[in-house]
Amino acid sequence: MTKVSWMNEALWTDYPNYKIRHNSDLLPLFIHKPMMYPKGERFQYNNSGYVLLAMVIEKATGMDFDQYLKENIFDIFC
């Protein structure tokens with residue numbers, strides 16, 4: 001999978017891991033930061049987009065992301 005992202009990376013190096021219990025706990029770390037560069041201008045890998053994707057899946061399915069992955073990916077293919 002390739003994605004072109006302009007979102008700022010969520011830098012949680014200064015954020016204690018014990019405070020991260022849900023994907024939504026990470027949202028404040030990057031949601032209000034300015035974009036790194038204009039939309040679609042260049043590729044740079046980051047995890048922030050995957051946090052948002054997990055939140056969309058949780059909202060659409062009503063399931064926690066880890067449970068969704070277990071039931072719909074790992075239990076089927078592993």
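Sequence positions, counted from 1, serve as the residue numbers for this chain.
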Report task. Flag the pair Glu58 / His22 as yes when at least one side-chain heavy-atom distance between them is below 4.5 Å, and no otherwise. Result -> no

**Report entry** Leu27 side chain near Leu52 side chain, heavy-atom distance below 4.5 Å
**Finding:** yes

Query raised in the report: Rounded to the nearest 0.5 Å, how far does CG of Asp64 lie from CD1 of Ile57?
Result: 12.5 Å

Query - Reported OH-to-CG distance for the pair Tyr50 and Asn23, which is rounded to 0.5 angstrom - result: 14.0 Å

**Report entry** Distance-minimising heavy-atom pair for Glu71 and Asp75
**Finding:** CA-OD2, 3.9 Å

Query raised in the report: Atom NZ of Lys70 and atom CD1 of Ile76: how far apart are they, to the nearest 0.5 Å?
Result: 10.5 Å

Query - Cluster check Tyr68, Val56: I/L/V/M/F/W/Y, side chain < 4.5 angstrom - result: no

